[in-house]
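Throughout, protein chains are lettered first and strands after them, A, B, ... in sequence-line order, and every chain is numbered starting at 1.
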Amino acid sequence: MCGELTSENIGQVVRLCGWVSSCRNHGGVIFINLRDREGVTQVLVNPSDDEQVYKLAKALRNEWVVSAAGTVRARPEGMRNPKMPTGDVEIVCENLAVLNRADPVPFEPDIPEKVSEETRLKYRYIDIRRSELTGALVMRHRITKCIRDYYDAEGFIEVETPFLTKSTPEGARDFLVPSRMQQGTFYALPQSPQLFKQLLMIGGMDKYMQIVRCFRDEDLRADRQPEFTQVDVEMSFVTCQDVIRVNEGAMRVVAKLCDVPFPETVKVLSYDHAMRDFGTDRPDLRFEMTLHDVTDLAKGSDFKVFASVADAKGLVKGLTAKGGAAFTRSQIDGLAEFCRELGAKGLAWAKVLDDGTLSGSLAKFFTADKCDALKAAMDAQPGDCMMFVADEPKTTNKVLAALRCKLGKDMGLCGRDLWAWCWVVDFPLLEWDQLEQRWSACHHPFTAPLDEDVHLLDSDPGKVRSKAYDLILNGTELGGGSVRIHDVSVQKKVFDTLKISEQESRAKFGFLLDALRFGAPPHGGIAFGLDRIVMIMLQRDSLRDVIAFPKTTSGGCPLTGAPAAVDDKQLAELDIRVIRPPAGLPMPPDDAG
RNA sequence: GGGGCUGUAGCUCAGUUGGUUAGAGUGCCGGUCUGUCACACCGGAGGCCGCGAGUUCGAGUCUCGUCAGCCCCGCCA
């Protein structure tokens, strides 16, 4: 193919098919850059050669689809192009055929100009001709294959599970599909094959994996698409450690394929540890800058903001930016604004001067000895800048975790060659849902509690830790999973705590409860986000850069125009009526108002 | 649901304090040119300034609304 020719091919007669990337007509000799999936090769047309070929070459335009045959030869001395992988050779064209013409394209695939994403998505087939996107899709294929091969070698069986399935409570909003044959009822597209893979374990499949599309109808982000691909895995007769070990191996082979370092042993942090030091359950360990709890110091301080928060069971935490004394006032104001946007009341800060004294918004509130205690607690040296947030624990942690990441990026601590992996374990099983005034599952309601914490389910549900684990790379969750409940009485107990009634659990997961009674092996598993794995390994900033046909932030596809209104006939067959059609469409004729 | 940024030629962008006929690069069309490599040079065409109101003698520019794209919060077990 075009990108594969080197000086080793000199003398060979080849035929290349591809797209005209550029055409340089010198009035006599014509150079054509021909592109295909693998790259670009220069084709040379001489006026002294075949008249037909020359006439055809003169008429070529960019993005026409052509077939060119000729002999590979070394370029003359001084005419080589070191910027091109194939720059040492060229094809002397002996035969040329236009396979298809092309209208002028909206943008040129080979020009390194930043084209708006909207345009790129609308003409995605042209965007895909760009080497960045072609390359990403090729790498995605290789990563996927490498993962399949790994699990195959480990004895896993790939089993397909249904896309048309049943809506489950808890978790994300479902995408619904109306049933025509049973009008008024709906399938749900799976948020993940969670229950099916557990049923496969109960069915004795022992080791299951599937690379599978999942669907969640929630608002999107750069790292979140409404449909995404999971590497879904489940294993029987295993502990957390077994699952972690086997699946870590999968990431190890992927990392190797992508030339990404992978440690001999991956760090393991408890959830509590991660929250304490980093304020988040997916810490970015590429740099230090840990958070420090100074609530106790704040209690006794003259700084009312701190003291009142500390007294009201709030959390006062801070981080120390090494060398941060060099920050300008406007830089710090910018950081404070950043924190306010995330919900903080403000950002208190103090620079440590060369003589050890403090300067900044809270310097005057700390006497010399308290100042020393603060510096010690914050591990701050002269030349550093300490920054603090005081708020409810959740807000304090959220804001400081975000601030830490921002500082890490701004201060250049997240080098492109830094790769920090870790497992986060011992998550809480449940969290209190303020809105609904009940406990809800942190992971999902089938996650097993730690054996030694089961007794806390009645007395102190918030204290119960779970057999759940997440794999984190550079502050992004690549995947997570858990050992599941395989005992029907424990499962019922968890449902009780979640205030899922006997009746509701029977209606929603009766089939699982039944299955748990008919010989369920202990089992557990994990699911990795394939799109995220590819995105991070290829160092792209958006999932859209590793998906062939992604959706926009509002869930649309500029290429196909999806989602779109459907014919009245289609709706009638489903016994569905649209109450409020989108702007630009007529109201249904039979609408009574 | 909330906050922020953006929207001007096919594409990427500039457009001053509100002031005559809205510019540039690139692409496109025509021409010249035998070693370029995003060829070069000469000429030409190309605009619903996202859309809708408002302020004004006058709006690409100011105000309000709306739509779309992107980033973030909420949400995403």
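- For A:Lys406, the salt bridge (charged side-chain N to carboxylate O under 4.0 Å, His left out) partners at least two apart in sequence or on another chain are A:Asp410.
- As a whole-Å value, the separation of A:Leu189 CG from B:C76 P is 19 Å.
- Listed by residue number, the members of residues 541-562 of chain A with any heavy atom below 4.0 angstrom from RNA chain B are A:Arg544, A:Thr552, A:Thr553, A:Ser554.
- Using a cutoff of 4.0 Å between basic side-chain nitrogens and carboxylate oxygens, A:Arg130 and A:Glu132 are scored as salt-bridged.
- In this structure, A:Ser440 reaches neither bases nor backbone, as no heavy-atom distance under 4.0 Å exists between it and the strands shown.
- Across all strands shown, B:G44 pairs with B:C28; the Watson-Crick or G-U wobble distances both stay below 3.5 Å.
- If you check every strand for non-hydrogen atoms under 4.0 Å, A:Glu113 touches a base.
- With sequence neighbours excluded, the residues forming a side chain to side chain contact (heavy atoms under 4.5 Å, CB included) with A:Asp88 are A:Arg80, listed by chain and number.
- With C1' as the reference atom, B:G27 and B:G46 are 11 Å apart, rounded to whole Å.
- Ionic pairing of A:Arg544 and A:Glu117 is present here: one or more N-O contacts between side-chain nitrogen and carboxylate oxygen are shorter than 4.0 angstrom.
- A:Thr134 places a side-chain N or O within donor-acceptor distance of the main-chain N or O of A:Ile128, the cut-off being under 3.5 Å.
- Look at the C1' atom in both B:G65 and B:U20: the space between them is 31 Å, to the nearest Å.
- Between A:Asn81 and A:Ser192, the residue anchored closer to the 5' end of RNA chain B is A:Asn81, taking for each the nucleotide with the nearest heavy atom.
- Under the 4.0 Å criterion applied to side-chain N and carboxylate O atoms, A:Arg532 and A:Glu477 are not assigned as salt-bridge partners.
- For B:C11, the OP1/OP2 oxygens have no side-chain nitrogen or oxygen of A:Ser116 closer than 4.0 Å.
- In this pair, A:Tyr123 and A:Tyr125 present their aromatic rings perpendicular. The plane angle is above 60°, beyond the 30 to 60° band.
- Here A:Arg129 does not pair with A:Glu108 in a salt bridge; the nearest charged N to carboxylate O distance is not below 4.0 Å.
- Applying the 4.0 Å criterion to OP1 and OP2 of B:C39, one finds that A:Arg24 has a side-chain N or O inside that range.
- A donor-acceptor pair under 3.5 Å is absent between the side-chain atoms of A:Tyr469 and the main chain of A:Gly479, judged by distance alone.
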Enumerate all atom pairs, one protein N or O and one N or O from nucleotides 13-15 of chain B, separated by less than 3.5 Å.
none

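- A:Leu342 comes within contact range of the sugar-phosphate backbone alone, with a heavy-atom separation under 4.0 Å but no base atom that close.
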Nucleotide N/O to protein N/O under 3.5 Å, stretch nucleotides 33-35 of chain B:
from	atom 1	to	atom 2	distance (Å)
B:C33	N3	A:Asn25	O	3.1
B:C33	N3	A:Gly27	N	3.4
B:U34	O4'	A:Val29	N	3.4
B:G35	O6	A:Arg73	NH2	2.6
B:G35	N1	A:Glu90	OE2	3.0
B:G35	N2	A:Glu90	OE1	2.7
B:G35	N2	A:Glu90	OE2	3.2

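- The aromatic rings of A:Phe175 and A:Phe215 lie perpendicular to each other, with more than 60° between the two planes, well past the 30° mark.
- For the pair A:Lys398 and B:G74, the criterion of a side-chain N or O lying under 4.0 Å from OP1 or OP2 is met.
- Non-hydrogen atoms lying under 4.0 Å from RNA chain B are contributed by A:Asp219, A:Arg221, A:Ala222, A:Arg224, all within residues 219-231 of chain A.
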